[in-house]
Student: 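Okay, here's the structure, questions in a sec.
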Amino acid sequence: MSRGDHSEASLQFIRTLHDSQKNHRLILNPDYLDDEKLPEEERTAVLQEIFDRNIREEQLKRIICHLTPILDGDHPSSLLVFGPTGSGKTVSLIHVLSTFQQYCQTQSVEFQYKYVDLTSPRSSFGALNELAIALNDSIRIYRKGIPVNQMQERIIQEMNRFKGFLCLLIDEADNIKPNADEFITFLGKTLPRKVPCRLVLIMVTNKLNWDKMLDPRILSVLKKTNMLFEPYDALDLIEILKLRVEKALEKSKVDEGAIRKIAALASRETGDARKAVELLSKAAKAAQETKGRLTEEIVDLAEHRLEMDKTDEMIRALARQQKLALISCYDLLSKTSKRITTGEAYDRYTSLCDLEKVRPLTQRRFSDIIGSLDLYGLINGRLISRGRYGQTREISKSLPKESLTRILSTESAEGGAFRTVP
DNA sequence: CATCCACAGGAAAACGCGGTTG
DNA sequence: CAACCGCGTTTTCCTGTGGATG
């Protein structure tokens, strides 16, 4: 009997909750807030709209001007594109090249472009490998273990299939780590001689002085042209964000001020469009959980939360040794409340390693780890000299209490996990 | 003023792993 | 199978460094 009342109340509860959730509904299409999860066609469609809004018009014009000689059969020089991350270099170039390729087909000019992605750091060998994959979409993936010359031979063979103009778009070219010269020499010097097609190199980097690190002799062979991508300014970002809002969110529930705030925050930092969209996504989720309206206050909240999540994620992603180092630092810091030195931290670290049955690293290596932790902002490491008592990094904490407790909890929680790992 | 501590940090060699080749 | 290759990681060895101290 009371059962009926009870379920009636529950039903009511469910109904009101559902209704309120419906009212709060802000995110209509979450896919548009995450570039990576967007299907290819949709992605290009979004990009198309961005370009239609004349956001990167200046840059597009410049690229196209550089390419147009091809239509008359002239050979443009290779191109070096600079620009900070998230300024739309890759996106713009791919857009231009693919449309240019289409146009060339109608004009019966032989033109093809291949995209070589070096986003994750690679050696010159890895770069060659990537190039080979880009050239030949077949399943064959060349693995490590074969000499470099042979690799180059295969690429030359592969390239013999192409005629006319072949444009190589090399993304994040600065990621070729130890000997970038080798790869670039091959590209700029060896290949044009041994291959029938006309090669146009486009290299993308976000390091302004990258070309100065290369051998000057290679640069003279390349006959390159430089091009600079300015970061998006706040107005551009507003346009981009508005586009996303239209696609993904219930527009009427988004404050104009909130968008402006996101754009301002992002442009103040680096002008990175990806970061702006990420913040928008975070803010939208936060808004949906509360009142369902995207306001400036929510943006503030989301920014704070995003930062916390980042450090959290950071810590979770650390390697074992790094984590151990971090733990030993904070362990020591919490006990002494005084400045500590690398040596002290190292002592604590070795004993901790003993406890975890992990072979401790050398102090030299430990010093590097401390350096990396400092770089990540998980620790403040300042180089000081204490006169006769030597020179040390003075280590102090830089994390809020919330993260700190979490570190200590992972220490105990993953202690067992550590031990099971051989 | 020279000394000397306790490390920083560069260079190079060594190691280990995952792969190919003959 | 041994020999070899590429490559990131780690160890070994090394030279600097800046100011309190005698």
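All values reported here derive from a predicted model rather than from experimental measurement.
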Student: Could you tell me which residues satisfy side-chain contact (heavy atoms from CB on, under 4.5 Å) with A:T342, sequence neighbours excluded, listed by chain and number?
Tutor: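 For A:T342, the residues satisfying side-chain contact (heavy atoms from CB on, under 4.5 Å) (neighbours in sequence not counted) are A:F366, A:T392, A:R393.
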Student: Could you state the CZ-P distance from A:R359 to C:dT10, rounded to the nearest angstrom?
Tutor: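 Result: 9 Å.
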Student: Applying side chain to side chain donor-acceptor pair (under 3.5 Å), name anything that partners A:D171, two or more places apart in sequence or on another chain.
Tutor: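 With neighbours one apart ignored, the set is A:T90, A:Y115.
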Student: With sequence neighbours excluded, tell me which residues meet side chain to side chain donor-acceptor pair (under 3.5 Å) with A:D72.
Tutor: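 If we apply the side chain to side chain donor-acceptor pair (under 3.5 Å) test to A:D72, skipping adjacent residues, there are no hits.
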Student: Which residues pass the side-chain contact (heavy atoms from CB on, under 4.5 Å) test with A:S98, not counting sequence neighbours?
Tutor: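 A:S98 satisfies side-chain contact (heavy atoms from CB on, under 4.5 Å) with A:Y113 once adjacent residues are dropped.
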Student: Between P on C:dG18 and CD1 on A:I384, what's the gap in Å once rounded to a whole number?
Tutor: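 In whole Å, C:dG18 P lies 13 Å from A:I384 CD1.
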Student: In degrees, rounded to 10°, what is the bend between the two ends of the helix from B:dC1-C:dG22 to B:dG22-C:dC1, using five pairs at each?
Tutor: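 So the angle between the two local helix axes works out to 30°.
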Student: What I want to find out is whether A:E307 reaches A:K282 closely enough, with some N-O distance under 4.0 Å, to be called a salt bridge.
Tutor: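 Here A:E307 does not pair with A:K282 in a salt bridge, since their nearest N and O are not under 4.0 Å apart.
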Student: Could you list the residues that satisfy salt bridge (charged side-chain N to carboxylate O under 4.0 Å, His left out) with A:E239, not counting sequence neighbours?
Tutor: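 Listed in chain order: A:R53.
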Student: What residues, two or more places apart in sequence or in another chain, satisfy side chain to side chain donor-acceptor pair (under 3.5 Å) together with A:T350?
Tutor: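 With sequence neighbours excluded, A:T350 shows a side chain to side chain donor-acceptor pair (under 3.5 Å) to no residue whatsoever.
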Student: Let me know the distance between CD of A:Q322 and P of C:dT9, rounded to the nearest Å.
Tutor: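 Whole-Å distance recorded here is 10 Å.
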Student: Holding to side-chain contact (heavy atoms from CB on, under 4.5 Å), I want the full list of residues that pass it with A:E230, two or more places apart in sequence or in another chain.
Tutor: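 Partners of A:E230 under the side-chain contact (heavy atoms from CB on, under 4.5 Å) test: A:Q59, A:R62.
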Student: A:I340 CD1 to B:dA6 P: how many Å, rounded?
Tutor: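 A:I340 atom CD1 is separated from B:dA6 atom P by 17 Å.
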Student: Give each protein N/O atom lying under 3.5 Å from an N/O atom of nucleotides 19-22 of chain C, with the pair distance.
Tutor:
residue	atom	partner	partner atom	Å
C:dG19	N2	A:G387	O	3.3

Student: Not counting sequence neighbours, which residues clear side-chain contact (heavy atoms from CB on, under 4.5 Å) with A:R198? List them please.
Tutor: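 So A:R198 forms a side-chain contact (heavy atoms from CB on, under 4.5 Å) with A:H75, A:F165.
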Student: Find the distance A:Q391:CD to B:dA8:C1' and express it as a whole number of Å.
Tutor: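 Whole-Å distance recorded here is 6 Å.
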Student: Send over the distance from A:R382 CZ to B:dC7 P, rounded to a whole Å.
Tutor: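 Rounded to whole Å, this separation is 16 Å.
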Student: Is a side-chain donor-acceptor pair under 3.5 Å present for A:T341 with A:E394?
Tutor: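 On atom types as modelled, these side chains do not qualify, holding no pair under 3.5 Å.
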Student: Output the residues of residues 361-379 of chain A in contact with DNA chain B, where contact means a heavy atom of the residue under 4.0 Å from an atom of the strand; sort by number or write none.
Tutor: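 Here the set is A:Q363, A:R364, A:S367.
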Student: My understanding is that only residues two or more places apart in sequence, or in another chain, count here; which of them pass salt bridge (charged side-chain N to carboxylate O under 4.0 Å, His left out) with A:R388?
Tutor: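 Expected list: none.
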Student: Starting at atom OH of A:Y346, determine the distance to atom P of B:dA6, rounded to an integer number of angstrom.
Tutor: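 That distance rounds to 16 Å.
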